[in-house]
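Remember, predicted model here, so these are calculated numbers, not experimental data. In this chain, residues are counted from 1 in sequence order.
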Amino acid sequence: MKNSLFYILASFMMSLCTLASRAEALNLSYNEKVIPAYKLSEDDRFALNIAQKSILQNDSALVYTRGTNGLIIVPPVDWDPFPYNVSFRDTVIYDRLFLPVVFDGKILPPRLDFIPQKKSMERPQFRLIPEENTFAPLIKRAEEVQARRRNFYMDMSNIGDVRYNASVLKSIPKLKEEDATKRNFLHDLIATDEAIKVTPIEMEKIDPGFIYWVKTGNHALQVAQNYITHNWSRGGNSSFFIRNDHRITVNYAKDKITFNNILEWRLNLQATPSDELHDVNISEDLFRLENILGYKAYNNWSYSARLETKTPFFQSYPLNSKDKTSSFLAPFMANISVGMGYKLDKKFESDKRKTLNLTFNLSPLSLNYIYVRDKFVDEKRFGLEEGERTLAEFGSLVSSNLDFRVSRYVTWTSRFKYFTNYERVEVEFENVFTMLFTRLLSTTVSLNTRFDDNVPKGGQLGYFQVNQLVSFGLNYKW
């Protein structure tokens with residue numbers, strides 16, 4: 001038994017020696033046929049490179065040459081492993097997990113939930129893109145690294161290894177906004193080889209200037225008709241009215257100076273079959289011009305000087321009578337006053353078409369002048385003594401003008417005047433309500449009242465006078 005084992009070991013050792021001698025012989029024969037790479041010519045080196053590239057394609061046939069000292073000769077390469085704009089620092093790969101730990105004061109985890117969630121109840125979420133193809137793995141890895149670093153400095157046994165504190169480290173330098181260059185990447189996409197040259201056009205400069213004058217106007221031509229038969233039991237007279245009303249305002253404002261002007265002309269014609277002497281009667285004829293010059297004092301108040309003139313244009317007669325009641329400059333009335341004025345222009349937020357324009361004048365010093373040119377007109381109707389043609393009296397005056405646009409279709413225009421010479425009183429209160437149906441059609445209700453205790457009493461009303469009219473027709477504003 002011992003002899004058999006000895007023979008087996010001896011035969012195994014002899015086979016190993018035989019293989020080693022054959023390998024050495026092959027290596028010597030191979031080195032004798034190979035020339036070192038540094039002794040090759042340029043053409044031979046080029047051919048060697050091509051041969052080596054073909055050999056490298058097959059890993060099983062990878063063979064290198066050895067020099068006289070037995071070292072492997074690495075073939076020369078002509079390629080650079082890094083681009084020109086990459087430095088050695090850019091090739092350093094590091095993991096935040098192995099960087100020095102910095103204490104930043106963050107102890108609690110980012111997701112702190114005191115109620116444990118049951119994973120068995122969670123339903124699998126549907127994802128259009130697989131999670132591994134998104135940034136989810138990187139975010140999860142960053143959270144794990146941050147948690148491990150936080151747990152490291154929370155362990156008191158590692159307190160000596162935490163050498164850095166975020167509060168004492170220098171802050172990251174910030175780039176000032178004015179030093180940064182704003183760049184739009186779209187400029188590179190739409191950039192042209194040659195810039196388009198645009199020649200600027202020189203345009204003439206026009207100065208629109210300020211608008212100091214503001215002009216408005218309101219014109220109305222309306223009718224009213226009443227027909228009664230001759231056998232109407234309660235009596236009465238048929239009539240036909242034509243209302244002609246024009247009102248123009250021209251206002252000026254610059255700095256502290258204002259100049260407001262109102263021109264008004266009203267002419268109402270009446271045709272009554274019961275009047276056998278006149279085909280047409282004039283129920284109202286008034287031409288009035290009001291001028292107010294103001295200098296701003298404070299807020300909405302200003303020092304003001306006011307001038308008002310008015311006169312009729314045509315002759316008017318009572319029904320079935322040839323006695324004149326008025327004619328041109330009979331009467332002619334003028335009022336000059338000095339005092340304080342108040343102006344209010346208001347716009348309502350609830351309705352953008354709702355506006356209020358109010359002017360109020362308080363004149364402690366006022367001169368009222370009346371002139372009757374026509375001797376056939378009864379001057380006593382206007383407060384003059386019989387045989388006199390003029391009257392001048394001093395007193396005080398309070399006046400106001402109101403233009404209230406209630407809505408888009410309703411407007412209220414009012415005028416109030418109160419004059420007294422401390423012996424008699426003259427009051428005028430005029431109201432006009434306009435209701436629009438369309439831009440040109442409207443209905444107007446006018447109510448004019450007057451009180452003057454310097455004229456003869458008129459029956460039951462005494463010194464009180466009323467003129468009321470309802471009409472329908474054309475209305476135009478600008």
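- For the residue pair Q222 / T444, a side-chain donor-acceptor distance below 3.5 Å is found, with atom types taken as modelled.
- Distance alone, capped at 3.5 Å, places no donor-acceptor pair between the N251 side chain and the V214 backbone.
- By the 30° and 60° cut-offs, the orientation of the rings of Y252 relative to W213 is tilted.
- T272 places no side-chain N or O within donor-acceptor distance of the main-chain N or O of S274, the cut-off being under 3.5 Å.
- In summary, the side chains of D275 and N281 do present a donor paired with an acceptor at a separation below 3.5 Å, with no hydrogens or angles considered.
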Salt bridge (charged side-chain N to carboxylate O under 4.0 Å, His left out) for R450 and E430? Distances and angles first, verdict last. CA-CA 8 Å; R450 191 172 187 274; E430 300 178 356; over 6 Å; no
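- Checking each of E308, E290, E428 against K417 for a salt bridge (charged side-chain N to carboxylate O under 4.0 Å, His left out) leaves exactly one that passes, namely E308.
- S400 and Y342 are not linked by any side-chain donor-acceptor pair at a separation below 3.5 angstrom, with hydrogens and angles left out of the test.
- Note that NZ of K324 is 10.0 Å distant from NZ of K375, once rounded to the nearest 0.5 Å.
- Taking the six-membered ring where the residue is Trp, W412 and F433 present parallel rings, their angle staying beneath 30° rather than reaching 60°.
- At distances below 3.5 Å, at least one donor-acceptor pair connects side-chain atoms of R389 with backbone N or O atoms of D374.
- Distance alone, capped at 3.5 Å, is enough to place a donor-acceptor pair between the T420 side chain and the R424 backbone.
- The shortest distance between side-chain heavy atoms of R243 and F241 does not fall below 4.5 Å.
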